[in-house]
Participant: 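Questions regarding the structure given below will be posed in turn.
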Amino acid sequence: MAKNVTPRSEDYSRWYTDIILQGKLADYSPVKGAMVIRPNGYAIWELIQQNLDRMFKETGHVNAYFPLLIPESFMHKEAEHVEGFSPECAVVTIGGGQVLEEKLYIRPTSETIIWSMYKKWIMSYRDLPLLYNQWANVIRWEMRTRLFLRTSEFLWQEGHTAHATPEETEAEALKMLQVYKTFAEEYLAIPVIAGRKSDSEKFAGAVHTYSIEAMMQDRKALQAGTSHNLGQNFAKAFDVKFQDQDGQQKYVYATSWGVSTRLIGALIMAHSDDNGLVLPPRMAQRPIVIVPIWRNDPEKESVISFADSIYRELKTGWNVIFDDRDQYKPGYKFAEWELQGIPLRLEIGPKDVEKNQVVMVRRDLMEKQFISRDGIFEIVKNSLEQMQIEMLEKARQFRETNSRNFDRYDELKDFLAAEGGFAHVHWCGNPACETKFKDDSNATIRTIPFDAVSEDGACIVCGKESGRRVIVARAY
RNA sequence: CGGGGCGUAGCGCAGCCCGGUUAGCGCACCUGCCUUGGGAGCAGGGGGUCGGAGGUUCAAAUCCUCUCGCCCCGACCA
């Protein structure tokens, strides 16, 4: 039906790109690895920003902005940090026609510039905690890029907090991960698994890294948000101390946490189908489109009049599209709005005017149903709410269907090589065993889930003791 | 950086091997008519440094040399 979208079954990767281009979410830019986010895509980002920003403020955070350019020397202050990021940094060497005395890094993340400032601002325990967030762009030079999932420049938010105690710091890192989980599930309608990263997948310079992991429709895992307990690593690197209540000078504890435009990629891959984008209602700035249908002028007049009264009523609750363009036939309009993921379509023709009804189609179900014009506001409201809930549930069922326990290594290997999905396996904690997954199956330990049941078992690689299962999967 | 492919209208392509009037097709776009409950039809129309530079030739999209760029698969990264 959708003639410009490659079916998922034929080429999943191509399908993903088609959804984005046909849905007018983004386009390729003249610069390799960068992308242009078009209004349809940016509208999603705005909803991500609005809702997360509100949730950040509700948890006591404030916004600030730190500069794009970072002195080279800052990057070198934290050993692991520079090791982790240097290869993928873009560096400015010339400014104002002069070769710069000190090179300036375009931020790949802002820990260093922020901690250089925290040093100035933090004197005593009374200055803590410092709960800052910034919305910004960053650049990480990537070899292979994909729209939204991995681009050289991307938009994100980065929270950077400073605390007096390790306990408070750990609580903050976990709290923000929970904020991400709530957001992913209640707004993006993507079920996620919260947990801790293994050391090899940990952020450069962190003590612990936590993440939320989602399953895409090709059964691969996608890291949708991260939160780090940075301990005192950056405080020591930038010499940020505070005088505690007991009069002692102590290093400050830190967290950082972020989500990016990658969430839009997750949203696409979690829900969309072969007809185009599917947006959960809460992620649609324009959740409803009305398509009037007529055959001649008298019909047009009565249909438009009828449809317009509905439009004006619904407009009090939502941003509604009234598509009365005359140059396209209804079928074309249906296809076009489906590509763009509009959650609810109302078709109104002469027969509907006669019967005082409307044809309603939910984007996720694609089934036409007749609804009464009277009480339409409530019906639409309920349908959108229902759709939001059912999309989350559908995604959750998909994930559960494609998650299994494995206790034999050869079976795990077959699973990862064939259909794939989330494999729950025992792991002893040894990085060498972890490497074996990657070498054999190109799969990694995605997360050590918080909610994994305590269970005695043997490491699926080496057979040593293990107290709980971890999730192994191929990932983006 | 290695392997492969490709640059011709906004997009997708043909033409190139074997040089020859005015460079063509589909989609999209504009005008009109006609249509409208799942991507209509007809007629007319606009739009081109043939990636760039140099060379061979009476004549180059086509042959030669150099060069730039993009895509895919690896390496790398997550």
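Chain letters run A, B, ... following the sequence lines, proteins first, then strands; residues in each count from 1.
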Participant: Searching all strands shown, indicate the nucleotide that pairs with B:G54 (Watson-Crick or G-U wobble; both distances under 3.5 Å).
Facilitator: B:C64
Participant: Could you tell me the separation between the CD atom of A:Gln22 and the C1' atom of B:A28, rounded to a whole number of Å?
Facilitator: 12 Å
Participant: For B:G39, give its Watson-Crick or G-U wobble partner with both distances under 3.5 Å, or none.
Facilitator: none
Participant: Between B:U49 and B:A23, how far apart are the two C1' atoms, rounded to whole Å?
Facilitator: 14 Å
Participant: Which value, in whole Å, describes the distance between the P atoms of nucleotides B:G26 and B:G44?
Facilitator: 12 Å
Participant: From NZ of A:Lys351 over to C1' of B:U36, roughly how many Å is that when rounded to an integer?
Facilitator: 12 Å
Participant: Does A:Lys333 contact B:G37 through a side-chain donor or acceptor facing the base, at a distance under 3.5 Å?
Facilitator: no
Participant: Just to verify, which of A:Trp257, A:Tyr132, A:Trp135 counts as forming a ring-ring contact (aromatic ring centres under 6.0 Å, His included) with A:His61?
Facilitator: A:Trp257
Participant: Report the distance from atom CZ of A:Arg140 to atom C1' of B:C76, rounded to the nearest whole Å.
Facilitator: 16 Å
Participant: Counting the benzene-type ring for Trp, do A:Phe154 and A:Trp45 have ring centres under 6.0 Å apart?
Facilitator: no
Participant: How far does the P atom of B:U8 sit from the matching atom of B:U62, given to the nearest Å?
Facilitator: 14 Å
Participant: Report yes or no: is the cationic atom of A:Arg107 (NZ for Lys, CZ for Arg) closer than 6.0 Å to the six-membered ring centre of A:Phe66, at no more than 45° off its axis?
Facilitator: no
Participant: Between C1' on B:G37 and CD on A:Glu299, what's the gap in Å once rounded to a whole number?
Facilitator: 11 Å
Participant: Quick one: look up who B:C18 pairs with, Watson-Crick or G-U, both distances under 3.5 Å, and put none if it's unpaired.
Facilitator: none
Participant: Can we call the ring centroids of A:Trp141 and A:Phe85 under 6.0 Å apart?
Facilitator: no
Participant: How far does the C1' atom of B:C77 sit from the matching atom of B:G69, given to the nearest Å?
Facilitator: 24 Å
Participant: Does B:G37 have OP1 or OP2 sitting under 4.0 Å from an N or O in the side chain of A:Tyr332?
Facilitator: no
Participant: Distance alone, cut at 3.5 Å: any donor-acceptor contact between the side chains of A:Ser211 and A:Gln223?
Facilitator: no
Participant: Establish, yes or no, whether the cationic atom of A:Lys329 lies under 6.0 Å from the six-membered ring centre of A:Tyr332 and within 45° of the ring axis.
Facilitator: no
Participant: Between atom CZ in A:Arg325 and atom P in B:U35, what is the gap in whole Å?
Facilitator: 21 Å
Participant: Grab the CZ-P distance between A:Arg14 and B:C73 for me, whole Å please.
Facilitator: 12 Å
Participant: Is it the case that B:G39 (base atoms only) and A:Glu338 (side chain only) share a donor and an acceptor within less than 3.5 Å, ignoring hydrogens and angles?
Facilitator: no
Participant: Map A:Tyr328 and A:Asn442 onto RNA chain B by nearest heavy atom, then report which one ends up closer to the 5' terminus.
Facilitator: A:Tyr328
Participant: Starting at atom NZ of A:Lys300, determine the distance to atom C1' of B:G37, rounded to an integer number of angstrom.
Facilitator: 17 Å
Participant: Using a cut-off of 4.0 Å on non-hydrogen atoms, how would the nucleic acid contact of A:Lys197 be classed: base, sugar-phosphate, or nothing?
Facilitator: nothing
Participant: Less than 4.0 angstrom between a side-chain N/O of A:Lys329 and OP1 or OP2 of B:G37, yes or no?
Facilitator: yes
Participant: Which is more 5' along RNA chain B, the nucleotide nearest A:Tyr476 or the one nearest A:Gly331? Just name the residue.
Facilitator: A:Gly331
Participant: What's A:Asp352 touching, base or sugar-phosphate or nothing? Going by heavy atoms closer than 4.0 Å.
Facilitator: base
Participant: Once you apply the 3.5 Å cut-off to both distances, tell me the Watson-Crick or G-U wobble partner of B:C6, or none.
Facilitator: B:G69
Participant: Could you measure between the two P atoms, the one in B:C64 and the one in B:U56, and give it in whole Å?
Facilitator: 15 Å
Participant: Sort out the partner of B:C29 for me: Watson-Crick or G-U wobble, both distances under 3.5 Å, none otherwise.
Facilitator: B:G45
Participant: Going by an N to O cut-off under 4.0 Å, is there a salt bridge joining A:Glu419 and A:Arg404?
Facilitator: yes
Participant: Ignoring the backbone of A:Val359, work out which of B:U36, B:G37, B:G39 is nearest its side chain.
Facilitator: B:G37
Participant: Rounded to whole angstrom units, what separation is found between the CD atom of A:Glu142 and the C1' atom of B:A75?
Facilitator: 14 Å
